[in-house]
Amino acid sequence: MSNIIIDHVSKTFENSEIQVHALHDINLNIDSGDIYGIIGMSGAGKSTLVRCLNYLEVPTEGHVYIGGKDLGTLSESELRRERSKISMIFQHFNLLMQKNVIDNVCFPLIIKGVKKKAAREKARELLKIVELSDKEKAYPAQLSGGQKQRVAIARALASEPEILLCDEATSALDPRTTSSILSLLKQINQDMGITIVIITHQMAVVRDICNKVAILEQGHLVEHGDVTQVFLNPGTKAAKRLLKYEEADSDG
Ligand code: ADP
């Protein structure tokens, strides 16, 4: 089971001079199999929230449960095991530029101690899924943005995660490439049963593939629910603003 429960999570960043309240008392349930969009303007707290889901950020208050386990109560080794069920992809792909495509995909497996031959077999299966079989010897610098993100997705899948976190994964891509990456994510969700959490500032991304959406504004969860419901009947100013922003964006 890979459901996620975010229970009264707050996060405050402190340094000697200032305190930033990045998240205020967030409560959210993400069910196993969801494609859950978390949307908000820049600075709303999206990245902080998604980093709390794998405890790269430890919440100042509250709990995060993955498959019923409270991440805050786990030992280092237990936390590592839980984290291995969660993969992440990023806006700028984070590929190893000195390694070719297949070695990038193999990397998490080699780290885990998988033998090179088995790792390569697995990587080839994954490259087939992301339709990059013909590029296994290419280096990241020789690939388009969409192809780089496909490599990153294949690498994220190598550890057979139950949850895939996508942090602005399509924000650096043009609309057509965005659409093909979103179709791939949907296919992965359906075929592999992987729960997907998508952090984005683009309503179009949420509309295209998410079944649920949560809207963050200045660290507060202001609205959440079924995507169709929120789109047809936005209940908050923040949701209306994001929908308007999308219309303006698509008008060019
Ligand atoms: P978003 O992803 O929605 O753009 P972030 O989660 O990155 O928002 O940031 C939310 C708020 O927390 C912002 O005000 C940001 O400046 C602040 N913040 C994020 N990370 C840190 C940090 N490590 N130290 C101090 N402030 C931070």
Side-chain angles (χ1 to χ4, degrees), residues 4-30 34-64 66 71-72 79 83 86-94 145 149 152-153 156 163-173 178 181-182 185 195-210 212-225 227 230-231 234-246 248-249:
I4 303 167
I5 298 173
I6 301 163
D7 177 28
H8 292 289
V9 164
S10 296
K11 177 72 188 180
T12 302
F13 293 104
E14 286 192 54
N15 65 31
S16 50
E17 283 126 47
I18 50 160
Q19 277 194 338
V20 180
H21 298 290
L23 297 173
H24 302 262
D25 196 23
I26 307 289
N27 292 293
L28 206 59
N29 287 1
I30 299 175
D34 271 345
I35 304 185
Y36 210 118
I38 297 178
I39 187 164
M41 303 302 265
S42 182
K46 306 181 295 296
S47 293
T48 305
L49 181 59
V50 85
R51 287 166 62 81
C52 285
L53 300 188
N54 54 12
Y55 255 51
L56 286 177
E57 292 294 354
V58 176
T60 315
E61 283 172 49
H63 303 267
V64 176
I66 306 278
L71 298 188
L79 185 57
R83 272 196 189 127
I86 306 174
S87 281
M88 199 158 174
I89 58 170
F90 305 90
Q91 180 172 4
H92 296 298
F93 325 120
N94 294 17
Q149 196 57 288
I153 290 169
I163 297 169
L164 179 62
L165 306 177
C166 308
D167 192 353
E168 297 282 5
T170 56
S171 299
L173 305 175
T178 293
I181 293 291
L182 295 180
L185 291 174
T195 305
I196 297 183
V197 181
I198 294 189
I199 297 295
T200 182
H201 65 279
Q202 299 168 300
M203 271 291 197
V205 168
V206 172
R207 186 195 52 213
D208 281 2
I209 65 161
C210 296
K212 296 272 183 61
V213 62
I215 298 177
L216 280 183
E217 190 172 62
Q218 294 177 4
H220 294 271
L221 178 66
V222 294
E223 189 161 346
H224 64 99
V227 166
V230 171
F231 271 68
T236 59
K237 277 189 189 154
K240 286 177 193 154
R241 224 175 1 251
L242 284 161
L243 284 165
K244 234 186 227 161
Y245 175 75
E246 183 203 23
D249 214 28

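For ligands, and for the atoms within them, numbers begin at 1 and follow the listed sequence.
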What's the separation between atom CG in Asp167 and atom NZ in Lys46, rounded to the nearest 0.5 Å?
8.5 Å
Please state which protein non-hydrogen atom is closest to atom 7 (O) of ligand 1 and give its distance, to 0.1 Å?
Ser47 CB, 3.8 Å
Between CD1 of Ile163 and CG of Leu53, what distance do you get to the nearest 0.5 Å?
8.0 Å
Specify whether the nearest protein heavy atom to atom 21 (C) of ligand 1 is under 4.0 angstrom away.
yes
Between the candidates Thr48, Val50, Asn15, Ile38, which shows the shortest non-hydrogen contact distance to atom 6 (O) of ligand 1?
Thr48
What pair of heavy atoms forms the shortest contact from Asn27 to His8, and how long is it?
OD1-N, 2.6 Å
Ala44 neighbourhood, listing ligand 1 atoms whose heavy-atom distance to it stays under 4.0 Å
1 (P), 3 (O), 8 (O)
For Ser10 and His21, run side-chain contact (heavy atoms from CB on, under 4.5 Å): C-alpha distance rounded to whole Å, both residues' side-chain angles, the deciding distance at 0.1 Å, then the answer.
CA-CA 8 Å; Ser10 296; His21 298 290; over 6 Å; no
Interatomic spacing from CD1 in Ile26 to CD1 in Ile6 - rounded to 0.5 Å:
8.0 Å
Heavy atom of the protein closest to atom 12 (O) of ligand 1 (residue, atom name, distance):
Ala22 CB, 3.4 Å
Contact between ligand 1 and Ser42 is defined here as a heavy atom of the residue under 4.0 Å from a ligand atom; is it met?
yes
Salt bridge check: are Glu217 and Lys237 linked by an N-O gap of less than 4.0 Å?
no
min-distance protein heavy atom vs atom 19 (C) of ligand 1 -> Phe13 CE1, 3.5 Å
Closest approach of any protein heavy atom to atom 8 (O) of ligand 1, naming residue and atom
Gly45 N, 3.1 Å
Closest protein heavy atom to atom 10 (C) of ligand 1, given as residue, atom name and distance to 0.1 Å:
Gly43 O, 3.5 Å
Does atom 4 (O) of ligand 1 have a protein non-hydrogen atom under 4.0 Å from it?
yes
After noting the C-alpha distance and the side-chain angles of Ile86 and Ile66, does the key distance pass the side-chain contact (heavy atoms from CB on, under 4.5 Å) rule?
CA-CA 10 Å; Ile86 306 174; Ile66 306 278; 4.1 Å; yes
Glu57-ligand 1 polar pair, N/O distance under 3.5 Å
no
Mark up the atoms of ligand 1 that fall under 4.0 Å of a heavy atom belonging to Met41, in ascending order.
3 (O)
Kindly determine whether Leu165 and Ile199 satisfy side-chain contact (heavy atoms from CB on, under 4.5 Å), including the steps that lead there.
CA-CA 8 Å; Leu165 306 177; Ile199 297 295; over 6 Å; no
Would you find more than 12 non-hydrogen atoms of other residues, nucleotides or ligands less than 6.0 Å from Gln218 atom CD?
no
Side chain or backbone of Val20 under 4.0 Å from ligand 1, or both, or neither, by non-hydrogen atoms?
side chain
